[in-house]
Amino acid sequence: MSRLTRRGRLMAKRTCDRRGHAFALGRFLFRTPTAWEYAAAVACGSDPDAQRWLGWLPGSVVAEPMRTEALRVTPGTGPEWTKPDPQSVDVVAIDLTAGRCAGLVSVHAGEDGGPETGGYLAPGYRGHGFGRELFAAGLVLAHEHLGLSRVRAGAEVGNVASGRSLEAAGLRRVAGPPHYTLPNGRAGAAWWYQHDVAWPRQCGGPQAQWLSVS
């Protein structure tokens, strides 16, 4: 009963506090995940199609049958996520209608130390236009929660779906380094995108002290 009550509080949460971020956008609730939700979010990007573009280290990829099990996690359950990436602010995308974790978006330190946003969706949510909402949430997190006036995003040349979603979310193509390196060491040609606002804001949630507020 206590777990169900806690789940109800988490799913009703729409504002930020010192323990995490929370905001609704389109179909999804975006918020700081529990440990189980984060496991589900990692599973969302662990399939071969996603890894073609994400290129995680092998130890970070969730293999079957654990991937299927993790994707069944019920949002709002699990202990507090106590070991987040020290150079990334991550929020999980929760499909409130289906009651499942649908992906993850983050604002993190790029290769040059500046703020970048990026994310991915679970297999069942790809190809339906939800990428625009995912990357729009990254902009909301950057501009309205972390106080950043500028945020960039990169996509590998050839990843047309990501490029279209970034532009649909409002980012524009800009010049940038011709190549970038994925976590597994694979280097590829890159497209770069950027979004600026004149008056960014900070919320009451955890701030990215490792990023320079521009």
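Remember, it's a predicted structure, so these values are computed and weren't measured experimentally.
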query = Would V174 end up clustered with Y180 when hydrophobic side chains under 4.5 Å apart are linked, directly or stepwise?
reply = yes
task = Look at the side chain of D49 and the backbone N and O of R52, then say whether any donor-acceptor pair between them is shorter than 3.5 Å.
result = no
Side-chain ion pair, E167 and R132, N-O less than 4.0 Å = no
ask   = Hey, does S149 have a side-chain heavy atom less than 4.5 Å from the side chain of W199?
value = no
ask   = At their closest point, which heavy atom of C101 faces which heavy atom of C44, and how far apart are they?
value = O-SG, 3.8 Å
ask   = With a 4.5 Å heavy-atom cut-off, do V61 and Q51 have their side chains touching?
value = yes
key: Min side-chain heavy-atom separation R19-E80 under 4.5 Å   = yes
Crowding at CZ, R201 (>12 non-hydrogen neighbours, <6.0 Å) = no
message = Checking the side chain of T117 only, and the main-chain atoms of L139 only, is there a donor and an acceptor separated by less than 3.5 Å?
response = no
Check: T34 main-chain N/O paired with E37 side-chain donor or acceptor under 3.5 Å = yes
Contacts table for residues 151-163: side-chain donor-acceptor under 3.5 angstrom, sequence neighbours left out:
unit_1 : atom_1 : unit_2 : atom_2 : d
R152   : NH1    : Q194   : OE1    : 3.1
R152   : NH2    : A175   : O      : 3.2
E156   : OE1    : R186   : NH1    : 3.4
E156   : OE1    : R186   : NH2    : 3.3
E156   : OE2    : R186   : NH1    : 3.0
N159   : OD1    : S162   : N      : 3.3
N159   : OD1    : S162   : OG     : 3.3
N159   : ND2    : S162   : OG     : 3.1

Nearest heavy atoms of A39 and A70, plus distance in Å = O-CB, 3.9 Å
inquiry  = For F30 and F23, take the angle between the two ring planes, folded into 0 to 90°, and tell me which bin it lands in: parallel under 30, tilted 30 to 60, perpendicular over 60.
reply    = parallel
ask   = Taking the six-membered ring for Trp, are F28 and F130 ring centroids under 6.0 Å apart?
value = yes
query = Which atom names give the shortest non-hydrogen contact between S60 and V42, and what distance separates them?
reply = O-CG1, 3.5 Å
Same apolar cluster (I L V M F W Y, side chains within < 4.5 Å links), V62/L54 = yes
query = Any link between L71 and L121 through a network of hydrophobic side chains (Ile, Leu, Val, Met, Phe, Trp, Tyr) touching at under 4.5 Å?
reply = no
key: CA sep, side-chain torsions, deciding dist, call: V89, H108, side chain to side chain contact (heavy atoms under 4.5 Å, CB included)   = CA-CA 6 Å; V89 176; H108 53 269; over 6 Å; no
request  = May I have the step-by-step check of side chain to side chain contact (heavy atoms under 4.5 Å, CB included) for Q202 and Q207, ending in yes or no?
outcome  = CA-CA 8 Å; Q202 288 184 329; Q207 296 299 306; 3.3 Å; yes
ask   = Is there a side-chain contact between P75 and I94 (heavy atoms, below 4.5 Å)?
value = yes
key: H21 vs C203, side chain to side chain contact (heavy atoms under 4.5 Å, CB included): CA-CA, chis, key distance, verdict   = CA-CA 8 Å; H21 298 276; C203 69; 3.3 Å; yes
inquiry  = Is there a path of hydrophobic side-chain contacts, each under 4.5 Å between heavy atoms, that joins L25 and L146?
reply    = yes
ask   = Going by heavy atoms in the side chains, are Y125 and R100 under 4.5 Å from each other?
value = yes
query = So, for P123 and D47, which heavy atoms are closest and what is the spacing to 0.1 Å?
reply = CG-OD1, 3.7 Å
Distance (rounded to the nearest 0.5 Å) between L166 CG and R172 CZ = 13.5 Å
message = Could you tell me if the side chain of W192 sits less than 4.5 Å from the side chain of E116, heavy atoms only?
response = yes
task = Return the minimal non-hydrogen interatomic distance between V107 and G138, and the atom names on each side.
result = CG2-O, 3.7 Å
ask   = Yes or no on side chain to side chain contact (heavy atoms under 4.5 Å, CB included) for W81 and D90, after CA distance, side-chain angles and deciding distance?
value = CA-CA 11 Å; W81 186 33; D90 301 328; 3.6 Å; yes
Identified side chain to side chain contact (heavy atoms under 4.5 Å, CB included) partner of Y38 from the options V73, T32, L104 = L104
key: R150 bridged to D196 by N-O distance under 4.0 Å   = yes
inquiry  = Could you check whether W56 and Y120 have their ring centres less than 6.0 Å apart?
reply    = yes
key: salt bridge (charged side-chain N to carboxylate O under 4.0 Å, His left out) partners of residues 67-76, not counting sequence neighbours, each pair once   = E64-R67, E69-R72
Residue pair E133 / R27: nearest heavy atoms and the distance that separates them = OE1-N, 3.1 Å
